[in-house]
Amino acid sequence: PPQPAYILRGHAAAVHAVHFLRRNARLLTADADGWAVLWAVASRRAVAVWRAHAASVLGVGSYGLGEEEEEEEEGVRIVTHGRDNALRVWHLPPAAEDGLSTRLPAEIPAAAADPKAPWLLHALAVNTLNFCGFAMCKAPAVLGGRSSLAPEEQRRRGDGDSEEHVLVAVPGTRDGSVDVFGLPSEKRLCSLPPLESPHTG
């Protein structure tokens with residue numbers, strides 16, 4: 001069988017989600033105790049460790065700002081979805097990594113205070129009664145899309161709409177239903193009902 005190029009160790013609980021970001025320069029891992037670890041792929045070392053959720057993490061993801069040069073400067077948005085009924089969006093620019101802990105979850109005593117977390121941009125209360133994670137895509141222009149102004153012009157005007165708009169789908173409160181939220185508005189846009197079972201007999 002294929003052998004791993006290297007093994008990253010540091011989680012004390014089972015790893016439930018992994019995700020490459022920043023053009024594969026970083027790897028995000030998250031575990032059953034709610035911890036998130038951002039690794040530098042080149043050095044194979046942790047560059048940021050924080051408690052993303054009070055319960056198991058179901059999934060992780062990220063979305064950028066659309067322009068590569070701006071993404072490098074501002075950082076991507078990191079999304080974590082936990083069993084604590086929360087979906088959170090974190091802002092972690094490369095420059096902010098130096099201010100966060102690199103002490104790995106396996107090294108942190110259970111009674112210790114949680115380390116500093118990245119800037120929390122958005123927090124959605126969502127259903128997590130099952131083990132289904134979230135799905136995410138860019139929002140079409142008809143649903144908000146993104147400002148047509150260049151990022152520099154948005155900052156000059158104080159537009160506040162420089163963040164990319166995305167859609168997030170999570171399990172609904174009814175079995176088989178799906179709730180769709182918009183970011184950065186944090187509004188629930190619709191709830192898709194469960195498919196009706198075909199009548200037989």
Side-chain angles (χ1 to χ4, degrees), residues 4-65 71 74-94 96-137 163-164 166-171 178-179 181 183-184 186:
Y6 47 87
I7 299 175
L8 302 175
R9 303 183 188 276
H11 285 278
V15 174
H16 280 189
V18 295
H19 177 70
F20 282 104
L21 61 154
R22 291 192 199 148
R23 296 190 291 281
N24 300 330
R26 295 289 185 267
L27 175 65
L28 179 67
T29 60
D31 66 29
D33 286 339
W35 288 96
V37 180
L38 188 65
W39 305 84
V41 174
S43 67
R44 308 174 192 177
R45 295 182 180 276
V47 294
V49 178
W50 74 99
R51 190 74 170 268
H53 294 274
S56 175
V57 175
L58 293 172
V60 297
S62 66
Y63 60 97
L65 300 177
E71 182 177 317
E74 299 292 340
V76 297
R77 272 55 170 161
I78 293 174
V79 184
T80 61
H81 182 200
R83 288 275 291 171
D84 55 356
N85 298 306
L87 185 141
R88 297 184 174 126
V89 180
W90 312 86
H91 187 205
L92 181 50
E97 292 176 356
D98 291 341
L100 299 179
S101 173
T102 58
R103 192 178 184 187
L104 293 165
E107 303 168 348
I108 299 176
D114 289 344
K116 178 183 176 182
W119 180 19
L120 181 61
L121 279 180
H122 306 290
L124 300 177
V126 297
N127 173 45
T128 53
L129 294 178
N130 51 41
F131 289 93
C132 180
F134 71 98
M136 181 174 59
C137 70
E163 184 176 351
E164 185 174 51
V166 298
L167 302 179
V168 178
V170 295
V178 176
D179 289 338
F181 291 86
L183 291 174
E186 302 186 13

**Asked** Is there a side-chain contact (heavy atoms from CB on, under 4.5 Å) between R22 and L92 once you walk through the steps?
**Response** CA-CA 11 Å; R22 291 192 199 148; L92 181 50; 4.0 Å; yes

**Request:** Tell me, please, which residues at least two apart from A52 pass side-chain contact (heavy atoms from CB on, under 4.5 Å).
**Result:** A36, W50, T80, W90

**Message:** Can you list everything that forms a side-chain contact (heavy atoms from CB on, under 4.5 Å) with V57? Sequence neighbours excluded, please.
**Reply:** A30, H53, V60

**Item:** side chain to side chain donor-acceptor pair (under 3.5 Å) involving H19 - partner list, sequence neighbours excluded
**Value:** S62

**Fill in**
Residues at least two apart in sequence or cross-chain that pass side chain to side chain donor-acceptor pair (under 3.5 Å) with H122, listed by chain then number, are E163, E186

Residue pair [X] / [Y], side-chain heavy-atom distance below 4.5 Å:
{"X": "F134", "Y": "V126", "answer": "no"}
{"X": "D179", "Y": "N127", "answer": "no"}
{"X": "L28", "Y": "L21", "answer": "yes"}
{"X": "V79", "Y": "V168", "answer": "no"}

Heavy-atom pair with the smallest gap, counting every atom of [X] and [Y]:
{"X": "A125", "Y": "F181", "value": "O-CZ, 4.3 Å"}
{"X": "P171", "Y": "C132", "value": "CG-CB, 3.6 Å"}
{"X": "L8", "Y": "R44", "value": "CD2-O, 3.8 Å"}
{"X": "R9", "Y": "W39", "value": "O-CH2, 3.4 Å"}
{"X": "V47", "Y": "A40", "value": "CG1-CB, 3.8 Å"}
{"X": "S56", "Y": "H16", "value": "OG-ND1, 2.8 Å"}

Please table the atom pairs, donor to acceptor, closer than 3.5 Å between any side-chain atom in residues 101-114 and protein atoms at least two apart or in another chain.
from	atom 1	to	atom 2	distance (Å)
S101	OG	R103	N	3.0
R103	NE	E107	O	3.2
R103	NH2	E107	O	3.0
E107	OE1	L104	N	3.3

[X] side, atom [atom1]; [Y] side, atom [atom2] - distance, nearest 0.5 Å:
{"X": "L87", "Y": "N85", "atom1": "CG", "atom2": "CG", "answer": "11.5 Å"}
{"X": "L121", "Y": "L183", "atom1": "CG", "atom2": "CG", "answer": "9.5 Å"}
{"X": "L124", "Y": "R88", "atom1": "CG", "atom2": "CZ", "answer": "10.5 Å"}

**Message:** By the salt bridge (Lys or Arg N to Asp or Glu O under 4.0 Å) test, which pairs, at least two apart or in different chains, include something from residues 26-36?
**Reply:** R26-E97

